[in-house]
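Numbering starts at 1 and runs along the sequence shown. Counting starts at 1 for both ligands and their atoms, following the listed order. Here the structure is a predicted model, which is why all the values come from computation and not from measurement.
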Amino acid sequence: MAIAEWREQLKRGEVSARELVDEQLDRINQIDPTMHAFLDVTGDRARADADRIDEARSAGQTLPPLAGVPIAIKDNLCTKGITTTCSSRMLEDFVPPYESTVTERLWNSGAILIGKTNLDEFAMGSSTETSAFGATFNPWDLSRVPGGSSGGSAAAVASGECLAALGSDTGGSIRQPASFCGVVGLKPTYGRVSRWGLIAFASSLDQVGPFTNSVADSAEILQVIAGADPKDSTCLNAAVPDYSASLFDSVKGLRVGLIKECFDHEGLASEVKESVLAAAVQLESLGAEITEVSCPRFNDGIATYYVIAPSEASANLARYDGVKYGYRSEGAENLASMTARSRAEGFGSEVQRRILIGTYALSAGYVDAFYKKAQQVRTLIRGDFENAYKKVDVLLTPTSPTTAFKAGDHVDDPLSMYLSDLLTIPANLAGLPAISLPCGFDEKGLPIGLQLIGNVLDEKRLLSVAHQFEQVADVKAIHPKGHFIP
Ligand code: GLN
């Protein structure tokens, strides 16, 4: 159900907020024992919130825009008084004493927290398999991964456990799972949305964004969470346009660039390539002009990211020392061994690998060869985009080189896992907004996602192009087996 449709039903009194919440909780009870999108379902709070909304409606009060919308939150966003684990033993018992800005804005708009969703530990991964609390599975095929790191949020929306969810995207963690699960995922411009209360992974890349069933819903959620925040100095002080009002802005004459380097890549599955190129033809039929552009450094994104992100992670995760909060190993004989043991026992192997890589890349004697070099390449990648935007308005690529892979397929081979972020990482390095939306299915009936990358703060245009594509494509209708869900 679309958020706008829900709002109408609630307003007309056809369905109460309590009924919707109960329905969602039933759905979660029915499918989550096998799919495992949620780490924590906040049923009591959700029912109480829903009752309050129903009372306000009966009393004739004007309801806020997201009144009664059940939303799931990735478990790396702090929710006051509700355990926030980052899917790590390190934070297994962490109850934040404060609320993240994005969630606070959602609750102030009437949205209802339905639960906290699973992720790769500390958002490091592309399959939601590195969670310390067990993997999440893809609702289209439970033997496959939902993508990651926000796999729980993507699976929850795709399977109808909630109307929308929030995730975070450092190198693709909203877009890639959205693509694997057949939903819409938006990573806003770096600084468009506050990071206050998002547990830091790589601070120059992290950004929060929505998972939704449609582009119109994505616009509604972005509207609420975007905008300046004095608590996050990297959050931009720029006006937030009315995203919903511009969804039908004409795409006639819009210049869409296909990034040559993406389509030439050998790792790109042919079914994905064909489906995304067919989407370009559909955009053309709407009046867009399709051209090819070159971003010569695009494919260097992965190598650059896997120096910068671990470097920032090694600094950010230094705070988990067993002293102030987080897991503490008992019985150590001194402070140094307590810290070492706490970190060895509290962090899983992927997190430890990233900390080691990052610490190495930042260490004296190597920092110029690795970290500084990576920052220089990052500047070149950003320059490629700047050049491209002199010629086109929006860039188009597949979101991920493949559709959802089998659980376990890449767990023992980190490099092959890292490759699944090939097409999403460059937008993070350049700080650009990007959206993934369904554009078709492969032979197995698994969703394929297309990615649109916009210029800085151009979410409005991204959403309108995506929305109009969605209207003409009607992707769900072409699924070979009809609708899915376990
Ligand atoms: N999959 C990427 C990684 O493992 C991106 C993760 C993210 O965006 N949080 O780092």
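Side-chain contact between Lys187 and Ile435 is absent, with no heavy atoms from C-beta onward closer than 4.5 Å. Residues Glu92 and Phe133 meet the side-chain proximity criterion, which asks for heavy atoms closer than 4.5 Å.
In summary, the atoms of ligand 1 found under 4.0 Å from a heavy atom of Ala123, numbered by their order in the structure, are 6 (C), 7 (C), 9 (N). Listed by atom number, the atoms of ligand 1 under 4.0 Å from Asp169 heavy atoms are 8 (O). Listed by atom number, the atoms of ligand 1 under 4.0 Å from Phe201 heavy atoms are 9 (N), 10 (O). Against a heavy-atom cut-off of under 4.0 Å, Gly171 is close to the following atoms of ligand 1: 5 (C), 7 (C), 8 (O).
Heavy atoms of Gly125 come nearer than 4.0 angstrom to ligand 1 in at least one pair. Residue contacts with ligand 1: Tyr305 is included, with a non-hydrogen atom under 4.0 Å away.
The closest protein non-hydrogen atom to atom 6 (C) of ligand 1 is Ser173 OG, 2.8 Å.
Using a 4.0 Å cut-off between charged nitrogen and carboxylate oxygen, Glu350 and Arg354 count as a salt-bridge pair. With respect to the salt-bridge test (charged N to carboxylate O, under 4.0 angstrom), the residues Lys406 and Asp409 do not qualify.
Among the candidates Trp140, Phe405, Phe441, the single residue satisfying the ring pair (Phe, Tyr, Trp, His ring centres under 6.0 Å) test with Phe180 is Phe405.
Heavy atoms of Lys187 found under 4.0 angstrom from ligand 1: none, in either backbone or side chain. When non-hydrogen atoms are compared, ligand 1 lies under 4.0 Å from the side chain of Ser149 (C-beta onward) but not from its backbone. Contact annotation: for Asp421 versus ligand 1, heavy atoms closer than 4.0 Å belong to the side chain alone. If you look at Tyr306 next to ligand 1, the close heavy atoms, those under 4.0 Å, all belong to the side chain.
A cation-pi arrangement is present between Arg45 and Trp107 under the rule of less than 6.0 angstrom and at most 45 degrees off the ring axis.
Considering backbone and side-chain N/O of Gly148, none are found under 3.5 Å from N/O of ligand 1.
The closest non-hydrogen atom to atom 4 (O) of ligand 1, taken over Arg354, Met417, Lys74, Arg175, comes from Arg354.
The 12-atom threshold is not exceeded at CZ of Arg297, counting heavy atoms of other residues, nucleotides or ligands nearer than 6.0 Å.
Below 30°, between 30° and 60°, or above 60°: for Trp196 and Tyr98 the angle between ring planes is between 30° and 60°, a tilted geometry. Between Phe298 and Phe385, the ring planes lie perpendicular to each other; the angle is over 60°, past the 30° to 60° tilted range.
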